[in-house]
Amino acid sequence: HRMYAYLRHNRQARSTVLAVCNLDPDYATHTCIHIPENAIEWAAKKGPHCRFINLLQPGTPALECTLQELAGTGLPVTVPAGDALLLEWI
């Protein structure tokens with residue numbers, strides 16, 4: 001397994017971060033990150049849309065989808081070889 005993703009939520013700061021890591025040193029990964037409905041509720045996310053901003057590369061366009069897509073088809077991401085995304089869910 002060379003691809004890992006996890007969700008971190010801090011209730012006091014009302015901050016949720018999605019980390020996606022590609023440990024393959026040779027190949028970029030194109031995948032979709034699915035976040036189940038119970039995790040969306042746990043993170044106290046509401047509204048029909050969600051945005052993720054890249055904390056490691058400020059200024060890059062935000063990734064956007066609906067909560068329904070996030071729980072269904074997932075958030076499409078591309079992670080370069082040996083790299084990671086640190087996405088704040090706003």
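When the side-chain contact (heavy atoms from CB on, under 4.5 Å) test is applied to I90, the partners found at least two apart in sequence or on another chain are R51, I53, E88.
Atom SG in C50 sits 7.5 Å away from atom CD1 in I35 (nearest 0.5 Å). The distance from atom CH2 of W89 to atom CG of L7, rounded to the nearest 0.5 Å, is 6.0 Å. How far CG of L70 is from CD of E64: 12.5 Å, rounded to the nearest 0.5 Å.
L63 and L67 end up in the same hydrophobic cluster when Ile, Leu, Val, Met, Phe, Trp and Tyr side chains are linked at under 4.5 Å. Hydrophobic clustering keeps V20 apart from L56 (ILVMFWY residues linked when any side-chain heavy atoms are closer than 4.5 Å, directly or through intermediates).
Closest approach of P25 to R2, counting heavy atoms only: CD-NH1, 3.4 Å. Closest approach of Y27 to N22, counting heavy atoms only: O-ND2, 2.9 Å. For M3 against T31, the heavy-atom pair with the smallest separation is CE-CG2, 3.4 Å.
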Identify every side-chain donor-acceptor pair in residues 75-87 under 3.5 Å, counting partners at least two apart or on other chains, and give the distances.
from	atom 1	to	atom 2	distance (Å)
T78	OG1	H30	ND1	3.0

Report all side-chain donor-acceptor pairs from residues 8-15 shorter than 3.5 Å, counting only partners two or more places apart or in another chain.
from	atom 1	to	atom 2	distance (Å)
H9	ND1	S15	O	3.3
H9	ND1	T16	OG1	2.6
N10	OD1	Q12	N	3.0
N10	OD1	A13	N	2.9

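Within the 4.5 Å cutoff, the side chain of I33 has no heavy atoms near those of the F52 side chain.
Summarising the local packing, CD of Q68 is surrounded by 12 or fewer heavy atoms from other residues, nucleotides or ligands at distances under 6.0 Å.
H49 places no side-chain N or O within donor-acceptor distance of the main-chain N or O of C65, the cut-off being under 3.5 Å.
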